[in-house]
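Below is one structure, written out as structure tokens; comments come after it.
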Amino acid sequence: MTTSENEKKEKDRQQAEKRLQAGFTAYNDGKLDQATEAFGDAEVRFRLSGDFKQAGDCRAMIADIQEQNNALEQAVNSYQRALKHYQEADRPLLMASSALSMGHIERRLAHLDRAQDAYQNAQQIYRKQQNSKGLGNVELALGHIELQRANMSYATEHYQDAIRYFKEANETTNEADASRSLADIQRLRRQFNEAETAYKRALEIYQRTGDNYGIVDAQVGLGRIYIDQERLDEATAVLADALNLAGLIEYELGQADANLGLAEINFIQSQVDQALIAAQSALQTYTNQHNALGTASAGRVLGEINLRRGQLSYSSSIMERSLRTFQATAYRLGQAETTVGLGLVQYRRGFLNRASKTLEDGLKQAHALDNPIVENRALLGLAHVHKQQGELSKAKNIFTDAHDLAEKTDSTIGIPALAAAKIGLARLAILSGDMKGAESHLEAAEAATTNNVQARQLLPEILAVRAQLRLAEGDFTEAEALYSSAHNQAEALQQPEVAVESLLGQAQARLSRGELESALNTFYETGRQFQLLENTDGDGLAVLGVAQVHIGQQQWDEALENCEAALVRFKQTDDQTNEADALLTRGLTYRSQEELDNALNDFEQALRHYHQQRRPLGVADTRFARGSIFLLRKDFERARDEQSKAIIQVERVMNSINAPQRWGTFLRQYAEQYAGTAVTDLRQHNDTQARTLLQNFVHIAGAKEVTAYLQAYEEAIPVGGDELSAEDIQINTDLVKRLALLRRSL
């Protein structure tokens, strides 16, 4: 090489050094565009001067800047160029370092196979160089990939190998990082004692070495364990310490992690407003830091919070965004949780077909991941979907599956799921006319709440379902009192869905007691609250209640209009259970307007629903209503057939009531129908049968109500007038006498 060439080469090198220094100065001042330009210029000059090591350093710095700017594909390309420069310079350890960095970015891009290839490339180099620290870093990274894929066993092996390599290299801080990652796996597997020991060991190392970032991460890990174990006071204390320290050292991701943990604690404790603030803070930080997994995790928690608050549209949109992010990053654990959460939102919005598919998908994912918490949530959600669709037997089987799964899991997560399954089974038992079974399920659910924080959140719902049971049994006063208690407790625990459901129950109890004006106002208020919660189905129930009040007020047109409005809402939400009730109510309205064919058509549809759903009291109410029309048409044989079938259903349900002293209360609801059946018997001159029927009724329920209805029938039967023939007058006069005789005999 000539002297002039050497001089030029040296001049290029000197200029490259200046540009390199300028790049570092701009980088330290936060002027990243200027730094990139300077490093790029320096790279070219170093390469021309033959200094490939320095050229690689410059390109690696550019990759670092591109990663900070979230230009991840460009960063991968830059690390590839840096690796080639280091290869030219014969710097194998720097080659391995570039491959490792490239793998980290590929992992962020969810290119897990490409990331794995990059890590294994680095691993081969480190093995040749017998570099234990490098091998430990590779094993740690490979463990993160397997965790992302939800391959827990493989992840555990990689983390254990990383710990071994770091011990060989005497790298205590890195060993602590690997121990903390292994503890994450142990926590997910609910091996809490082992995980707590590992986190505490890592925390001790971080404290000894003064690694404040590691301290925050270890404290967050401990907090997560304590949340899972319901050691909420300890979790709050350790996460608050992590939040404070992260603030002092300006560790923003650490602050976000701590805030998200505190949000979950607040949510468990029903401090929903505080949970919302903490989760929103975490989401904002993760978003600012371009942390995709953090953003998705915070979005999922926010989705759950807004589901609880009744903000269903927002909850749905943020759940969908989180799910897309988890799918893009191939993070299967987050996918399962978010899929089930989204399915529950879809159920609440009344999109039952979509909800069913989403929950089925989430159930499969959770089962494959051996995640009983998410699996149980999916099962409970599916059971509610099938209940609303009128598939009560299928719903019962799924609730039973959820109960059985809960019994097999540890108490912290098993007991709340068991209690929720029992509540669901109690609701179904009421619809199925199994009052004893409903009482038993509720007692089991209540017992499960004794020593479990999350199960205690179900107490308002248990009260509401017990009120529903009393309402079905005819004890309207106790039902209203229970609904009132449930409403107050639900409001205190910030459970708006249960609170408004309980308000609806209070309105139904008042309607059953004949307090029409009070019931009407309460139904209107219930409808407004359901609308605020975006609950179309609940709004339909409130509108149906208004229709039932209008029937009591003999406002037939208004009743019919509200029945139609309720049916529209139930069809929107595929609620075939409540659609049957709406059809029955509309049929009763038509009957009152003497549109008997329309009434019979509605009763036929309602009866078909009730039979499919195996709801005996619905069957009884519909058959009694059909019987009354046949009685009006003097088709006494068909009327008595319908009434007999209805009575069989009523008395079967009565016998299922646990306490015989409640039988009378229950049966008094049907006094009018029993009186009508007796009239049918008298019309057919079966006076003895009528007397036996009513004496049996009076023996259980007393004579007051049924004799009042018999007297009303007596007074309503015409015994004179130009419209009647002499034969009709004779028949009616005889019937009135026999009715009076029957009434007095009771």
Side-chain angles (χ1 to χ4, degrees), residues 32 63-79 100-119 140-151 155 177 180-181 184-185 188 213 216-217 220-221 224 246 251-261 263-264 278-306 314-342 362 365 369 371 374:
L32 300 186
D64 183 53
I65 291 170
Q66 289 166 335
E67 187 176 1
Q68 289 182 53
N69 288 333
N70 214 38
L72 301 184
E73 295 283 3
Q74 294 176 30
V76 169
N77 293 333
S78 290
Y79 276 123
L100 195 64
S101 298
M102 194 163 61
H104 294 337
I105 297 173
E106 294 284 19
R107 182 158 56 87
R108 284 184 62 186
L109 288 166
H111 302 156
L112 299 190
D113 291 338
R114 283 157 64 175
Q116 189 169 2
D117 289 342
Y119 290 145
L140 187 60
L142 288 170
H144 294 336
I145 282 186
E146 296 304 339
L147 175 60
Q148 200 158 333
R149 288 170 169 161
N151 295 328
D177 292 341
R180 184 163 50 81
S181 296
D184 289 339
I185 298 284
L188 290 169
Y213 291 92
V216 170
D217 290 339
V220 168
R224 303 295 319 174
Y251 178 23
E252 291 184 287
L253 287 178
Q255 287 179 288
D257 291 342
N259 264 322
L260 192 59
E264 293 192 47
Q280 285 175 331
S281 175
L283 179 65
Q284 188 61 56
T285 302
Y286 288 131
T287 303
N288 294 342
Q289 294 293 311
H290 303 290
N291 187 297
L293 285 178
T295 302
S297 296
R300 183 191 65 78
V301 173
L302 269 174
E304 297 287 356
I305 291 169
N306 282 285
Y314 178 66
S315 177
S316 179
S317 65
I318 198 167
M319 284 280 197
E320 287 172 350
R321 282 202 303 274
S322 294
L323 182 57
R324 286 194 296 270
T325 303
F326 282 130
Q327 289 169 336
T329 55
Y331 188 67
R332 292 177 61 202
L333 294 171
Q335 282 183 55
E337 290 179 301
T338 312
T339 299
V340 171
L342 178 61
Q365 292 180 40
L369 297 171
N371 188 329
V374 178

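Because the structure is a prediction, the values reported are computed rather than measured.
In this structure, Glu67 and Tyr79 have side chains that are in contact, with non-hydrogen atoms separated by less than 4.5 Å. Put simply, the side chain of Gln327 reaches to within 4.5 Å of the side chain of Gln335, judged on heavy atoms. Two residues are said to be in side-chain contact when any heavy atoms from C-beta on lie closer than 4.5 Å; Glu146 and Gln116 meet this criterion. Taking the side chain as every heavy atom from C-beta outward, Leu188 and Asn371 never approach each other to under 4.5 Å. At least one side-chain heavy atom of Leu323 sits less than 4.5 Å from a side-chain heavy atom of Leu342. In this structure, the side chains of Arg107 and Tyr119 come closer than 4.5 Å at one or more pairs of heavy atoms. Within the 4.5 Å cutoff, the side chain of Thr295 has no heavy atoms near those of the Thr325 side chain. By the 4.5 Å heavy-atom criterion applied to side chains, Arg224 and Glu264 are counted as neighbours.
The nearest pair of heavy atoms linking Ala263 to Ala278 is CB-CB, 3.7 Å. Ala258 and Val220 make their closest contact through N-CG2, 4.1 Å (heavy atoms, listed as atom of the first residue, atom of the second, distance). Heavy-atom minimum distance, Thr338 versus Met319: CG2-O, 3.4 Å. Nearest heavy atom pair, residue Gly103 against residue Ala115, reads O-CB, 3.3 Å. Closest approach of Val374 and Ala336 over heavy atoms only: CG1-O, 3.6 Å. The two residues Gly303 and Ser315 make their nearest non-hydrogen contact at O-OG, 2.7 Å.
Salt bridge annotation for Arg114-Asp117: absent, with no cationic side-chain nitrogen under 4.0 angstrom from a carboxylate oxygen.
Atom OH of Tyr251 sits about 12.0 Å away from atom OG1 of Thr285, to the nearest 0.5 Å. Between Gln66 atom CD and Ile105 atom CD1 the span is 8.5 Å, to the nearest 0.5 Å. Put simply, CZ on Arg149 and CG on Leu112 are 5.0 Å apart, with the number rounded to the nearest 0.5 Å. Here the straight-line distance linking atom CG of Leu283 with atom CZ of Arg321 works out to 8.0 Å at 0.5 Å rounding. Separating the CG atom in Leu140 from the CZ atom in Arg180 is a distance of 8.5 Å, to the nearest 0.5 Å. Annotation: the span from Leu260 atom CG to Ser297 atom OG amounts to 6.5 Å, rounded to 0.5 Å.
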- Under the side chain to side chain contact (heavy atoms under 4.5 Å, CB included) rule, what do Leu147 and Leu333 come out as? Steps first, then yes or no, please. CA-CA 9 Å; Leu147 175 60; Leu333 294 171; 4.1 Å; yes
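Side chains of Asp257 and Tyr286: a donor-acceptor N/O pair is present below 3.5 angstrom, by distance only. Between the side chains of Arg108 and Asn70, at least one donor N or O lies within less than 3.5 Å of an accepting N or O. For Glu73 and Asn77, the side-chain atoms include no donor-acceptor pair closer than 3.5 Å.
Counting only distance, with no hydrogens or angles, the side chain of Ser322 and the backbone of Arg300 share a donor-acceptor pair below 3.5 Å.
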